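Each chain gets a letter, A, B and so on, in the order the sequences are listed, and its residues count up from 1. Since the model is a prediction, treat every value here as computed from it, not as a measurement.
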Number of protein chains: 2
Amino acid sequence: MPAQPAKQSKVEDVRTRTLRVATRLLAERGFEGTSLQDVADEVGVRKPSLLHHFPSKDAIRAAVFEQMLQHWNVSLPRILRAATSGEDQFDSVLDELIRFFTDDPDRARLLLREVLDRPREMGALVRSQMRPWIESIAGYIRKGQERGALHPDADPEAYVVHVTTNLIATVATQRLLGALPLDRSVKELVRMARASLFLPLKKESTKKR
Amino acid sequence: MPAQPAKQSKVEDVRTRTLRVATRLLAERGFEGTSLQDVADEVGVRKPSLLHHFPSKDAIRAAVFEQMLQHWNVSLPRILRAATSGEDQFDSVLDELIRFFTDDPDRARLLLREVLDRPREMGALVRSQMRPWIESIAGYIRKGQERGALHPDADPEAYVVHVTTNLIATVATQRLLGALPLDRSVKELVRMARASLFLPLKKESTKKR
DNA sequence: CCTACCGATCGGTAGG
DNA sequence: CCTACCGATCGGTAGG
């Protein structure tokens with residue numbers, strides 16, 4: 001039965017379990033609120049064993065964050081593809097964005113904590129990694145404005161940032177506050193995003209459909 | 001020259017200075033990321049002196065938070081008055097809300113951290129303290145919907161929560177990310193809030209003005 | 001991946 | 001408001 005070689009016989013190795021446990025604890029309690037002992041206890045090893053797999057506590061935080069960035073880089077092509085495809089560009093992009101954060105709400109909490117705890121580092125990361133994505137979406141909005149299909153006074157960059165910020169904050173604080181059901185919050189967020197971007201249909205313009 | 005009685009001769013007493021310093025540090029670094037030593041150093045006293053004025057570190061956090069709630073309770077009547085006054089109800093309420101958080105961005109950061117760190121306690125507080133305010137504003141929105149002046153498919157409670165959440169998250173992360181200027185972000189937030197609530201003017205309805 | 005241990009710092013107390 | 005001090009826990013290392 002244990003036919004696999006020893007190196008991969010474990011269902012899930014310590015490194016993988018550490019990342020999974022640390023993601024949850026760092027999202028819930030923050031970096032300073034999470035001790036290596038907490039992580040070790042839930043992983044099921046002794047504290048020094050963690051530091052065999054990661055050189056320091058901060059390296060665990062960095063690895064957790066990078067893992068999230070890798071998930072984002074997997075989702076990003078789908079988002080940008082959605083932005084160039086046919087009709088439902090807007091809903092497709094927003095759906096992918098919603099999926100990314102609702103798939104694992106810890107992503108939203110982790111991101112929010114990083115922004116609060118490490119503003120300079122996150123600012124640099126936004127400028128280098130997120131900016132191109134924001135500009136890409138903002139570019140499509142500008143084209144829509146030139147076609148007369150979108151609100152001409154919308155500020156494309158600020159709009160994209162707001163929709164994203166609102167989504168992250170909503171997902172991060174949702175199950176925590178437990179006030180409104182998440183699907184109801186997200187539905188209203190989508191309605192607000194649409195209503196504040198699309199111009200109401202006039203009788204003249206669109207002919208097809 | 002030192003004509004004042006000794007009891008109030010200090011420009012600012014230790015308790016007041018502690019609250020001011022702790023507000024900033026707790027907003028910037030969070031509860032677990034701030035030590036009593038950090039606070040004592042900036043206040044300019046020894047650590048045990050803080051614990052003469054406050055029974056514990058958690059009591060300092062609670063006092064800082066309650067001070068913010070008191071500021072909110074000062075602003076709240078102005079907000080609700082704005083909601084019942086004449087024409088510019090919407091802008092007045094939103095202006096007061098914007099003023100509350102931009103007056104001291106640490107309020108937004110503190111609130112966000114509390115929601116992340118103490119979800120259950122904050123959930124209870126929202127339900128007991130914020131709910132009436134949310135319902136009040138949502139009530140005005142419902143009336144507007146019945147008059148046919150506002151988007152009929154808007155979800156009033158979810159709408160109010162989203163505008164507030166977005167404002168808090170935007171102010172909290174603003175100077176930190178340093179991407180868009182705050183006034184530009186806030187301007188777009190107001191535009192989005194208006195455009196997603198008010199129906200575009202039709203030719204028939206309004207006669208006065 | 002373990003036991004054993006390190007110096008530093010934590011929140012908090014005693015006692016004046 | 002201070003000095004002196006407490007036990008507990010922190011991240012991390014030695015060495016096997």
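- Atoms CD (Glu32(A)) and P (dG11(D)) sit 9 Å apart, rounded to a whole Å.
- Taking side-chain N and O atoms only, His53(A) has a distance below 4.0 Å to OP1 or OP2 of dC1(C).
- Of the nucleotides present, dA14(C) is the one that pairs with dT3(D) by Watson-Crick or G-U wobble criteria, both distances under 3.5 Å.
- Look at Ser35(B) and you'll find a side-chain N or O under 4.0 angstrom from OP1 or OP2 of dC10(C).
- For Pro105(A) against Thr102(A), the heavy-atom pair with the smallest separation is CD-O, 3.7 Å.
- If you measure from atom CG of Asp38(B) to atom P of dT9(C), you get 11 Å, rounded to the nearest angstrom.
- Separating the CZ atom of Arg29(B) from the P atom of dC10(C) is a distance of 11 Å, rounded to the nearest angstrom.
- Minimum atom distance to the side chain of Val14(B) is reached by dC1(D), of the listed dC1(D), dC1(C), dT3(C).
- The two residues Leu111(B) and Met68(B) make their nearest non-hydrogen contact at CD1-CE, 3.3 Å.
- The interatomic distance linking Gln37(B) (CD) with dC5(D) (P) rounds to 17 Å, in whole Å.
- Leu36(B) comes within 4.0 angstrom of sugar-phosphate atoms only, judged by non-hydrogen atoms across all strands, and of no base.
- Using a 4.0 Å cut-off, some side-chain N or O of Ser49(A) falls inside it from OP1 or OP2 of dC2(C).
- Separating the CG atom of Leu50(B) from the C1' atom of dT13(C) is a distance of 14 Å, rounded to the nearest angstrom.
- Regarding Phe54(B), its CZ atom lies at a distance of 12 Å from the P atom of dC1(D), rounded to whole Å.
- Computed from coordinates, the Lys47(A) NZ to dC10(D) C1' distance equals 7 Å when rounded to whole Å.
- Aromatic ring pairs are classed by plane angle as parallel below 30°, tilted from 30° to 60° and perpendicular above 60°; the pair Trp72(B) and Trp133(B) is perpendicular.
- Relative orientation of the Phe90(B) and Tyr159(B) rings is tilted, given thresholds of 30° and 60° on the angle between their planes.
- One cannot find a donor-acceptor pair under 3.5 Å joining the base of dG12(D) and the side-chain atoms of Lys57(A).
- Using a 4.5 Å heavy-atom threshold, the side chains of Arg118(B) and Arg61(B) count as touching.
- To the nearest angstrom, P of dC6(D) lies 18 Å from CG of Leu51(B).
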